[in-house]
2 protein chains.
Amino acid sequence: MTARKQRLEPIKPPVQRRSKATVDEILAAAAQVFETHGYAAGTTNRIADRAGVSIGTLYQYFPSKEAIAVALLERHIIDTDRRLHEWVGHMVAERHGLRAALHDYVTGMLEMHSGRPRLQHILIEETPLPERVHKAVLEAEQTAAKTVAGLLRLYPEVRHTQLEQAGSLVVQTVESLTHRFAAHPDEQLMSRERFINELATMLEAYLSYSRPHKSRQPSPGSCPP
Amino acid sequence: MTARKQRLEPIKPPVQRRSKATVDEILAAAAQVFETHGYAAGTTNRIADRAGVSIGTLYQYFPSKEAIAVALLERHIIDTDRRLHEWVGHMVAERHGLRAALHDYVTGMLEMHSGRPRLQHILIEETPLPERVHKAVLEAEQTAAKTVAGLLRLYPEVRHTQLEQAGSLVVQTVESLTHRFAAHPDEQLMSRERFINELATMLEAYLSYSRPHKSRQPSPGSCPP
DNA sequence: ACGTAACCTGAATGTTTACTCATAATAGGT
DNA sequence: ACCTATTATGAGTAAACATTCAGGTTACGT
């Protein structure tokens, strides 16, 4: 959702330690409130209430409700990006096999979404975001796809010629399915471990699949040289 | 989202032809309005406006805004179910191969979501649904998983022992990814055809994969240096 | 200890919303 | 042509909401 202009920067940035803590409280409260009520029903008064501050204080640091959502989303983008790079670092350093790498990736993303499974979706899909933020979300995902593609290049069993497209599909699949699982864990047929294994299996099968042949014996447990 | 009680049935059901048409107009308008504005910002007045009827007329047939959403969702569930069964019918009758079957399935689901890509998500995730409807959505998905599993049993190259779990993962993957693609087609690296092919490839690879291990440790030490 | 900038308060404001109701128009049977 | 159930109207109502503001309280430099 993209929509019209609105103040996003606070008139007064927090200066003292007290007010920095207040801003953190507000953001934490907003995350909780949006998570449980959605964007529209997550009222500013409820947020202020839960944060233990008055509504006036909230508007001292955030010029609008939308600004709070944007701040939360920007924070989430940075977290995800950091996590992805940590993962790549580990994989390169410890020379895990493709299967282990995928398993680790899925596990990490599932963990990320387990805390507040709905928040990300609410911020991206229910909130009227300014164009700038919408672009940032897109770019973050494309960067992720490139990063994953870069890692996949290290594995010889990955035979895709269009690595970036494969990376994009991997990222989107993991993003969607872990999100879904985290949001409704008790409505699933599989246990958490089973889910991670199945998803990693699917990705491994896809990535090490050589197209023309009908069925193919995988090279199990293969490792990078 | 699940929430408190509210009237869902109209006091007066439509009797004459005129009013049946009106009810259809209202539902069509509601689909459009929810699609573009989301649930909360999709106001009943806007819906009545777009339907070309007065707000009073709308409340003659739908006792609440929520009732409109529920009606739309129920209609969607029925459509999806019908489509799935048609697909299974075709596959069984024409004895397509696994690859062709998956290709067809993905294509059909992508088509289903191309019309109003956001509507389904808005109804399920943004709308406070009564428990009954929420259950119906879940059941529909589990039924779909069973149906797919039944079809997969016909293909010898599918080696999964837990067919229903595999079916569930297939359904969820297709649901999530086609939805995503339909909602943001111009933000994708791949063309529509390419996307369908890649997704079908991934599913085929997963389903015909003979697994090297039962399970796997996520931690380091899985590969000798 | 004092002054002032930073910080906090919450009642008040104007807008938006779902929903009601008294009344008017219309269709279809007789 | 007439009668009545059905269908349509839209101004009006109460509640909920984001945001403002005038006036308090607290921390910090000096």
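In what follows, chains are A, B, ... by sequence order, proteins preceding strands, each numbered from 1. The structure displayed is predicted, hence computed values, not measured ones.
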ask   = In whole Å, what is the span from the CD atom of A/Gln60 to the P atom of C/dT9?
value = 10 Å

request  = Look at the side chain of B/Ile55 and decide which nucleotide, out of C/dG10, C/dC19, D/dA18, has an atom nearest to it.
outcome  = C/dC19

ask   = Would you call A/Leu84 and A/Thr80 a side-chain contact if the rule is heavy atoms closer than 4.5 Å?
value = no

request  = Any salt bridge (Lys or Arg N to Asp or Glu O under 4.0 Å) involving residues 106-117 of chain B? Give me the pairs, sequence neighbours left out, ordered by first then second residue.
outcome  = B/Arg83-B/Glu111

remark   = Rounded to whole Å, OH of B/Tyr59 lies from P of C/dA22 at a distance of 18 Å

request  = Please report the shortest heavy-atom distance between B/Leu110 and B/Thr178, naming the atom on each side.
outcome  = CD1-O, 3.6 Å

key: Spacing of A/Leu58 atom CG relative to D/dT20 atom P, expressed in whole Å   = 12 Å

query = Does any residue of residues 42-53 of chain A have a heavy atom under 4.0 Å from DNA chain D, and if so, which ones, in number order?
reply = A/Thr43, A/Thr44, A/Asn45

ask   = Are any non-hydrogen side-chain atoms of A/Tyr206 and A/Leu169 less than 4.5 angstrom apart?
value = yes

query = Rounded to whole angstrom units, what separation is found between the CZ atom of B/Arg18 and the P atom of D/dA5?
reply = 16 Å

request  = Kindly write out the residues that satisfy side chain to side chain donor-acceptor pair (under 3.5 Å) with A/Thr173, not counting sequence neighbours, or none if the list is empty.
outcome  = none

task = Side chain of B/Ser54 only, please: which of D/dG10, D/dA18, C/dG10 is the nearest?
result = D/dG10

inquiry  = I'd like to check A/His113 versus A/Glu175 (side-chain heavy atoms, cut-off strictly below 4.5 Å). Are they in contact?
reply    = yes

request  = Round to the nearest Å and state the distance from B/Arg17 atom CZ to C/dG28 atom P.
outcome  = 7 Å

query = Distance-only, no hydrogens or angles: does the A/Thr36 side chain make a donor-acceptor pair with backbone N or O of A/Gln32 under 3.5 Å?
reply = yes

ask   = Given atom CD of B/Glu66 and atom P of C/dA18, what is their separation to the nearest angstrom?
value = 13 Å

key: Positive for side-chain contact (heavy atoms from CB on, under 4.5 Å) with B/Leu177, one of B/Glu198, B/Met202, B/Met109   = B/Met202

query = Where along residues 19-27 of chain A does a heavy atom fall under 4.0 Å from DNA chain C?
reply = A/Ser19, A/Thr22

key: For atom OH of B/Tyr61 and atom C1' of D/dT9, their distance in whole Å   = 12 Å

ask   = Given the rule in the salt bridge (Lys or Arg N to Asp or Glu O under 4.0 Å) test, do B/Asp79 and B/Arg82 qualify, once you have shown the distances and angles that lead to the verdict?
value = CA-CA 5 Å; B/Asp79 280 359; B/Arg82 194 172 38 78; 3.6 Å; yes

ask   = Considering heavy-atom distances to DNA chain C, does B/Ala40 or B/Gln16 have its closest nucleotide positioned more toward the 5' end?
value = B/Ala40

task = List in chain and number order the residues that pass ring pair (Phe, Tyr, Trp, His ring centres under 6.0 Å) with B/His121, two or more places apart in sequence or in another chain; answer none if no residue qualifies.
result = A/His121, B/His179

key: Terminal axis angle for the helix from C/dA1-D/dT30 to C/dT30-D/dA1, five pairs an end, nearest 10 degrees   = 10°

ask   = Quick one: are B/Ile68 and B/Tyr61 in side-chain contact, heavy atoms under 4.5 Å?
value = no

message = Side-chain N or O of B/Thr57 versus OP1/OP2 of D/dT7: is the shortest distance under 4.0 Å?
response = no

